[in-house]
*Asks:* 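Next up is a structure, given as structure tokens.
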Amino acid sequence: MPIRTFAIRRHHLAAAAVLVVVGAAFFMRLHDGPPMVPVEQLPPRAENEVAALPPIRPTDVHPKLGYPLDDVVASKAAPPIFIERLRVDLSRIPDIDEKKETFFRILLPYVARENDHIRTERQRIESSGGDVPLALYEKYDVEPGDIEGLLSRVDVVPASLVLAQAALESGWGSSRFALQGNNFFGMRTYDDDRHGMKPKEADGFKVMTFKDIGHSVRAYIRTINTHGAYASLRKARAGQRAAGLLPSGHPLTKFLTAYSEIPEKYGALLRGVIKAAGLERFDGVRLADN
């Protein structure tokens, strides 16, 4: 399936309490569907509309969503709490810091689960003695026998990077695409046969919808790990490994210039979110046992 390049139409950027909505443009190919790229984020509902609704607490989203993030950091394990979709706008949580922490609590288990799966695949490759299943080469679009090339792709995407991009691209879970389509990374399709949401101010494409939040996370991570636009990020990540370090999100942000139409600013925006929220503390987090 050929890789196609699409241009984004326009970019919305708002910075209120580090709540940024960025219209992204990167090139994406999934192995289970046609090419997709992020779409400009439509603004969330008007503030007065959200303000008119009663405030909520994290436990109103899910009864177990009040778990302490400090415990996750200390144990390097996220609880297996999976919320398939956001049924309420998190902007209804009055405290901004609590809203952001709720957003992280929702995404972290999915990120941990996906990275755990990748860790298992990587361990299988490293212990295979070169006898790697053909299915893994096909999954990651690598020529059979190229172990080094395969290992460069079969690696975790740091949680700090995933969380920062999800926050920027979905407006901290408040975009219409996140709320209605589980699309936290602004992916769109030009295939008329695929299901999707029609943007209000653009024609010729649909915004992808996902079965649940986890499918959105998986699609994003697969793109970072397989597409040619992110070869430099994967090379830098391999360099971290070679230096005896675990993959870290902050240094990798500068290799995402292909993601945005404002490449000179996008990395700085991501680093700002990572630093302000202390997201690197979540790098290396795994999914806790039930």
Side-chain angles (χ1 to χ4, degrees), residues 1-7 24-38 110-162 165 185-191 193-194 208 210-211 214-249 251-260 263 266-267 283-284 286:
M1 178 171 55
I3 299 175
R4 290 175 284 178
T5 304
F6 303 103
F26 75 96
F27 322 119
M28 176 176 185
R29 183 174 81 171
L30 294 183
H31 293 269
D32 58 353
M36 296 178 290
V37 296
Y110 281 113
V111 178
R113 185 175 69 178
E114 189 63 25
N115 276 334
D116 278 353
H117 180 65
I118 292 171
R119 290 185 184 99
T120 299
E121 291 180 326
R122 185 177 178 87
Q123 184 177 19
R124 184 177 185 183
I125 295 167
E126 291 175 330
S127 61
S128 69
D131 187 18
V132 178
L134 181 61
L136 275 177
Y137 287 111
E138 294 176 343
K139 177 179 179 180
Y140 286 94
D141 199 15
V142 175
E143 287 294 323
D146 183 4
I147 298 290
E148 183 179 353
L150 186 61
L151 284 173
S152 74
R153 296 187 174 207
V154 186
D155 205 347
V156 298
V157 177
S160 58
L161 196 62
V162 183
Q165 289 207 266
F185 300 91
M187 291 167 280
R188 70 185 182 186
T189 180
Y190 290 81
D191 188 339
D193 294 330
R194 290 190 70 102
M208 291 299 300
F210 292 92
K211 179 181 178 181
H215 279 73
S216 182
V217 173
R218 183 177 305 160
Y220 161 80
I221 289 179
R222 176 72 64 83
T223 300
I224 296 298
N225 275 342
T226 61
H227 201 280
Y230 306 106
S232 59
L233 183 149
R234 295 191 294 270
K235 183 177 180 180
R237 181 177 60 185
Q240 291 178 337
R241 289 279 189 190
L245 304 172
L246 293 177
S248 176
L252 299 180
T253 56
K254 62 182 178 181
F255 300 103
L256 286 167
T257 54
Y259 200 99
S260 176
Y266 193 67
D283 288 346
R286 297 172 179 262

*Asks:* Indicate yes or no: at least one non-hydrogen side-chain atom of E114 is less than 4.5 angstrom from one of V162.
*Replies:*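 Of all side-chain heavy-atom pairs linking V162 with E114, none is under 4.5 Å.
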*Asks:* How long is the span from the CG atom in D131 to the CZ atom in R124, to the nearest 0.5 Å?
*Replies:*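 So the CG of D131 and the CZ of R124 are separated by 9.5 Å.
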*Asks:* What are the two closest non-hydrogen atoms of Q165 and Y266, and how far apart are they?
*Replies:*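 The pair with the smallest heavy-atom distance is NE2-OH, 2.9 Å.
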*Asks:* Answer yes or no: is there a donor N or O on one side and an acceptor on the other, between the side chain of N115 and the main chain of V157, under 3.5 Å?
*Replies:*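 Present.
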*Asks:* Atom CD1 in I221, atom CG in D155: separation rounded to 0.5 Å?
*Replies:*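 Those atoms lie 11.0 Å apart.
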*Asks:* Return the minimal non-hydrogen interatomic distance between G214 and Y110, and the atom names on each side.
*Replies:*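 Shortest heavy-atom contact: CA-CD2, 3.2 Å.
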*Asks:* Are side-chain heavy atoms of L256 and Y230 found at a separation under 4.5 Å?
*Replies:*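 They are in side-chain contact.
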*Asks:* Does R113 come within less than 4.0 Å of D116, counting only side-chain N to carboxylate O?
*Replies:*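 Here R113 does not pair with D116 in a salt bridge, since their nearest N and O are not under 4.0 Å apart.
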*Asks:* Would you say R234's side chain and H227's backbone share a donor-acceptor pair under 3.5 angstrom?
*Replies:*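 Yes; judged by distance alone, with no hydrogens or angles, the pair exists.
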*Asks:* Are R237 and N225 close enough that some pair of their side-chain heavy atoms sits under 4.5 Å apart?
*Replies:*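 The answer is yes, as the side chains (C-beta and beyond) meet within the 4.5 Å cut-off.
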*Asks:* Is the side chain of R153 donor-acceptor paired with the backbone N or O of V142 at a distance under 3.5 Å, no angle test?
*Replies:*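 No.
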*Asks:* So which heavy atom on F255 is nearest to which on A236, and how close?
*Replies:*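 Nearest pair, atom of F255 first, then A236: CE1-CB, 3.3 Å.
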*Asks:* Take a 6.0 Å sphere around CD of E126 and say whether it holds more than 12 heavy atoms from other residues, nucleotides or ligands.
*Replies:*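 Yes, enclosed.
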*Asks:* Do side-chain atoms of Y137 reach the backbone of G145 as a donor and acceptor pair under 3.5 angstrom?
*Replies:*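 Judged by distance alone, yes, a pair lies under 3.5 Å.
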*Asks:* So R122 and L151, do their side chains get closer than 4.5 Å, heavy atoms only?
*Replies:*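 Yes - at least one pair of side-chain heavy atoms lies under 4.5 Å apart.
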*Asks:* Which value, rounded to the nearest 0.5 Å, describes the distance between R222 atom CZ and H215 atom NE2?
*Replies:*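 If we round to the nearest 0.5 Å, R222:CZ and H215:NE2 are 11.0 Å apart.
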*Asks:* Output yes when a side-chain donor or acceptor of R241 lies under 3.5 Å from a complementary backbone atom of S152, and no otherwise.
*Replies:*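 The answer is no, because no donor-acceptor pair under 3.5 Å joins these two groups.
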*Asks:* Taking L136's backbone N and O only, do any of them form a donor-acceptor pair with E121's side chain (distance below 3.5 Å, no angle check)?
*Replies:*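 No.
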*Asks:* Any donor and acceptor pair, going by atom type alone, linking the side chain of D283 with main-chain N or O of S160 inside 3.5 Å?
*Replies:*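 A pair under 3.5 Å: yes.
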*Asks:* Please report the interatomic distance CG(L233) to OH(Y259), rounded to the nearest 0.5 Å.
*Replies:*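 It is 12.5 Å, given to the nearest 0.5 Å.
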*Asks:* Report yes if some heavy atom in the side chain of R119 is under 4.5 Å from a heavy atom in the side chain of R286; otherwise report no.
*Replies:*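 Result yes, sub-4.5 Å side-chain heavy-atom pair found.
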*Asks:* What residue among V111, I224, T253 forms side chain to side chain contact (heavy atoms under 4.5 Å, CB included) with L161?
*Replies:*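 Among V111, I224, T253, the one that satisfies the side chain to side chain contact (heavy atoms under 4.5 Å, CB included) with L161 is T253.
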*Asks:* Below 4.5 Å, heavy atoms only, C-beta onward: do P247 and P158 meet side chain to side chain?
*Replies:*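 P247 vs P158: side chains touch.
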